[in-house]
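First the proteins, then the strands, lettered A, B, ... as listed; each starts at 1.
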Amino acid sequence: MISNIRDILENALASLDIKYDNQIHVERTKRVEFGHFSTNLPLVLTKLLRQPPLKIAEKLSEKIKLPDSIDKIEIKPPGFINFFLSPATLQNFIPEILERNEKYGSSDFGKKQQVLVEFVSANPTGPLTVGHGRQAVLGDTIARILEWNGYKVEREYYYNDAGRQMRILGESTFVRYRQLLGFDDELGEEHYQGEYIKDIASELVEKYGNKFQDDCDNEIFKNSAEAAVFKDIKATLKKLAIHFDCFYNEKSLYDSGKIESVLKDLKEKNATYEKDGAIWFKGSEFGANSDRVLWKSVADEATYRLPDIAYHITKYMRKYDLIIDVFGADHHGTYPDVIAGLKALGYDIEKIKVVIHQFVTLTQGGQKIKMSTRKATYVTLDELTNEIGKDVVRYFFIMRGANSHLNFDLELAKAEGDENPVFYLQYAHARICSILRKAENRNIEPDSQNLSLLTEPESLNLLNILSEFGEICQLAANSLEPQQIITYLQKMATAFHKLYTEHIVISEDIEITKARLQLIKATKIVLFNGLKLIGISAPERM
RNA sequence: GCCCCGAUAGCUCAACUGGAUAGAGCAUCUGCCUUCUAAGCAGAGGGUUUCAGGUUCGAGUCCUGAUCGGGGUACCA
C-alpha cells in the first residue's frame, strides 16, 4: 500500500514537472481523523519550490489520481496529505489473511541470507542468572523474527572452559568433595558458594568414594562440574523454548592454531607493536578507543581479545552474510576492539551487528533483590521459569527495548490476574476461540460473502491494524527490536477487545454474524502468528 | 578523567526512527456482567518530555554543554 501511494505521488510530481530524487516518505497515521496513510511531501518541498506547503499540497492533490482502493485524500496543516482507504480495501484483507494463514505477516525479505546469532555465551561456571535470561530470550526472539522474514538463522553459544573461572570451579568442587568426605576444609572467598557445587561433589563421592581426596589438580573436578552445569543450562533453556545449533568452544581456536595465525596476520598488517615486553594491538588506528594488549608479558599467553577476534573470523570463514552478537552491557567495552581487529585484517565489518542490552533489576514489592553469582544470592533463571512459566518470562524480557534497564517486577510477573500484561494478549486469543467454538456448535459457517457489512469503526480500525502486521514484522527485523511486536500485539488486542465489547459476533442477523466470524478468524491468525513469533503460547481456553 | 546506555504521568515503560493534540499498563477514583470468557470495556484525575542553548517549516527524537542514575574503563573473561 505504501509503495502504491508513493507511485501515485510520483505521478503527481511528474505531471507538475517537479524533480524530487529522494524517496517519498509515506507513513501510517496515529489517529483515525488523519486517515490511514499520510505523507509530508509538501513540507519537504517547501524549500525546493519556495512556496508555502499548503499551496504545494493543493497543487499536488489536484494532480493525484485516486485508485479505487483509496476513498479520499485530505490536506491538513501544516502541510500533510492524508489518504483514506475505502472500507472495501480494508475488508479485502480478510480473505488475504485467511488465505496465507500461518504464513501471514512473514516475508522473504531476508532472501535466504545466512545469519549467525550469538547469544548467552556464559561460561559454564554455574546456573544461568536472570541477567542471562534477558539475553537468552532477546537473542532467541531476534533469531525467530529473522527466520520469519526469510533469513536462514543459526543460533550459537560461545564458551570458554579453560580459564581462571573454570579452575576456580574445579577447586570449589574439590573443597565440597573433601567436606563430604569429612575433612574440615573451607571454601575461600573466591570460590563458588552455590548449592549446585555440593550436588556435583556428592555425585563424585557416590561414584568414586575418597579416591581423589588428595588429588586437587585432577581434571575430574572441573570436568564433572562443567558437564553438570551445561546439562542444567540446556535444560533451563529448553524450558524457555530456546535451543542452540552450535556450542562453540574457545579452546578449539587454540587447538586448530587459529590464535597464532591471527596474531601473525595482525603483525603482518603492521597492526601491532611491542611495549613493555607485551604485544599490543593498534586499536586506536582502527576505530577503537585505545590500544590493548594482545599477548601478555607476565605470562606467555593471549588476552581474551585475541581469541575473540579469532572466533569472529571463523564466522566470516563460515560464510555468514550477517553476524549478530547479543551482549550484556558489561561487555560493551570489548566488542569495539574485536571490530577494530577485524577491520585491521580487512573484513567487512558492515556485516556485524551488535545488540547490547542493559542490565536487569529484579524487584519484589518495590525492593531490589541483590544479585551476586559467586555468593549465590541470585535468583536463577531456572527458578524464575519454574515459578512463573515460560510465557511470562519471555514476555517480560522482551517487552522493553534492549537499551533500557529492565525492571523485572516479580510480584507483577507472578500475578495471574488482569494486572499481568501477558494475559491480555492470550485472553484475546482465548476469547476468539471460545466464540468460534460456539459458532461451530450452532453449525454456523463463516463466509466472506458479505464482508461489506463490516462498516463499524471498531471493525475497520481492527482491520487496519491487522493489515499492518507484515510491516511491523519487517520493522522488528530491520531494527532487531522484538518489543515492536509486543507493542503492536497490545494495540491489536485492544482493538479486538473493544470490538468484542461493542458488537456481539454471533447474533440473530446471520449475514453479519458470518462476516464477523471471518473477521475474528483473521484476528486469531494474526494473534497466533504474533505470539508464536515471540515464543509465547496462544491458549484456546483460559 | 575517558567511553557506552539511560532520564518522558505517582510507578514501570511506549512513541512506527524528525511530524499533526506525547500514548499504554499499574496505582487512585467512577460506571458496565440474565446475551459469544469482566484475565474485558468506558470515563476521571495525573506532563514545561531533567536543565540551558542550537539546527529545522516542525524536536521527546538530531547537535553542544550541564545535572543525576547504571555499566565499563586490567597484561581477568
Would you check if there is a donor-acceptor pair between the side chains of His312(A) and Asp325(A) at a distance under 3.5 Å?
yes
Sugar-phosphate only, base, or nothing, as touched by Asp276(A) at under 4.0 Å among non-hydrogen atoms
base
With heavy atoms under 4.0 Å as the rule, sort Gln51(A) into base, sugar-phosphate or nothing.
nothing
Do the ring centers of Tyr500(A) and Tyr427(A) come within less than 6.0 Å of each other?
no
hbond_proxy His405(A) side chain to rG70(B) base (donor-acceptor, 3.5 Å cutoff)
no
Which residues in residues 482-498 of chain A have a heavy atom closer than 4.0 Å to any atom of RNA chain B?
Gln484(A), Thr487(A), His497(A), Lys498(A)
Taking only residues two or more places apart in sequence, or in another chain, which ones meet Gln474(A) in a side chain to side chain contact (heavy atoms under 4.5 Å, CB included)?
Ser107(A), Phe109(A), Asn149(A)
Intermediate values then yes/no, ring pair (Phe, Tyr, Trp, His ring centres under 6.0 Å), Phe80(A) and Phe34(A)
CA-CA 9 Å; Phe80(A) 294 99; Phe34(A) 295 149; 7.6 Å; no
Any base atoms under 4.0 Å from Glu301(A), or only sugar-phosphate, or nothing? Heavy atoms, all strands.
nothing
I want to verify a distance call: between rA77(B), rC36(B), rA74(B), whose nearest atom is closest to the Lys296(A) side chain?
rA77(B)
Provide, to the nearest angstrom, the distance between the CD1 atom belonging to Ile444(A) and the P atom belonging to rC36(B).
14 Å
Grab the OH-C1' distance between Tyr335(A) and rG72(B) for me, whole Å please.
12 Å
In terms of ring plane angle, is the pair Tyr273(A) and Trp280(A) parallel, tilted or perpendicular, where the classes change at 30° and 60°?
parallel
Test: Lys264(A) and Glu260(A) ion pair at under 4.0 Å:
no
Base of rC57(B), side chain of Thr46(A) - is there a donor-acceptor contact under 3.5 Å?
no
Interatomic distance where CG belongs to Leu406(A) and P belongs to rG71(B) [whole Å]
15 Å
Mind checking Ala430(A) for me? I need base, sugar-phosphate or nothing, with any heavy atom below 4.0 Å counting as a touch.
base
Do the side chains of Arg167(A) and Glu190(A) get close enough for a salt bridge, i.e. N-O under 4.0 angstrom?
no
Between Lys315(A) and Glu156(A), is there a side-chain N and carboxylate O pair less than 4.0 Å apart?
no
Is His429(A) touching bases, backbone alone, or none of the nucleic acid, heavy atoms closer than 4.0 Å?
nothing
Side chain of Arg431(A): nearest nucleotide among rC3(B), rG40(B), rC13(B)?
rG40(B)
Just the table, please: protein N/O against nucleotides 18-21 of chain B N/O, every pair under 3.5 Å.
{"residue": "rG19(B)", "atom": "N7", "partner": "Asn40(A)", "partner atom": "ND2", "Å": "3.1"}
{"residue": "rG19(B)", "atom": "O6", "partner": "Asn40(A)", "partner atom": "ND2", "Å": "3.2"}
{"residue": "rA20(B)", "atom": "OP2", "partner": "Lys30(A)", "partner atom": "NZ", "Å": "3.3"}
{"residue": "rA20(B)", "atom": "N6", "partner": "Ser38(A)", "partner atom": "OG", "Å": "2.7"}
{"residue": "rA20(B)", "atom": "N6", "partner": "Asn82(A)", "partner atom": "OD1", "Å": "3.1"}
{"residue": "rA20(B)", "atom": "N1", "partner": "Asn82(A)", "partner atom": "OD1", "Å": "3.1"}
{"residue": "rA20(B)", "atom": "N1", "partner": "Asn82(A)", "partner atom": "ND2", "Å": "3.1"}
{"residue": "rU21(B)", "atom": "O2'", "partner": "Arg31(A)", "partner atom": "NH2", "Å": "2.3"}

Assess whether one donor atom and one acceptor atom, taken from the side chain of Tyr304(A) and the base of rA77(B), lie less than 3.5 Å apart.
yes
Calculate the interatomic distance between Asp330(A) atom CG and rA74(B) atom P; express it in whole Å.
15 Å
Looking across every strand, which nucleic acid part, if any, lies under 4.0 Å from Arg541(A) by heavy atom: base, sugar-phosphate, or nothing?
base
Please classify the nucleic acid contact of Glu481(A) as base, sugar-phosphate, or nothing, using heavy-atom distances under 4.0 Å.
base
Considering only rC16(B), rC13(B), rC36(B), which nucleotide approaches the side chain of Arg400(A) most closely?
rC13(B)
For a side chain to side chain contact (heavy atoms under 4.5 Å, CB included) check, start with the C-alpha distance between Leu466(A) and Leu519(A), then their side-chain angles and the critical distance, and finish with the verdict.
CA-CA 10 Å; Leu466(A) 295 181; Leu519(A) 171 58; 4.3 Å; yes
From the set rA39(B), rG71(B), rU35(B), return the single nucleotide nearest to any side-chain atom of Phe359(A).
rG71(B)
Phe408(A) and Phe396(A) aromatic ring geometry - parallel, tilted or perpendicular at 30°/60° bounds:
tilted
Tell me what Ser290(A) touches on the nucleic acid: a base, only sugar-phosphate, or nothing, going by heavy atoms under 4.0 Å.
nothing
Expressed in whole Å, how much space separates the C1' atoms belonging to rC16(B) and rG10(B)?
29 Å
May I ask you to say what Gly79(A) touches in the nucleic acid, namely base, sugar-phosphate or nothing, with a heavy-atom cut-off under 4.0 Å?
nothing
Of the listed nucleotides rC3(B), rA14(B), rC5(B), the one nearest the side chain of Gln358(A)
rC5(B)
Taking only N and O in the side chain of Asn403(A), is any of them less than 4.0 Å away from OP1 or OP2 of rG6(B)?
yes
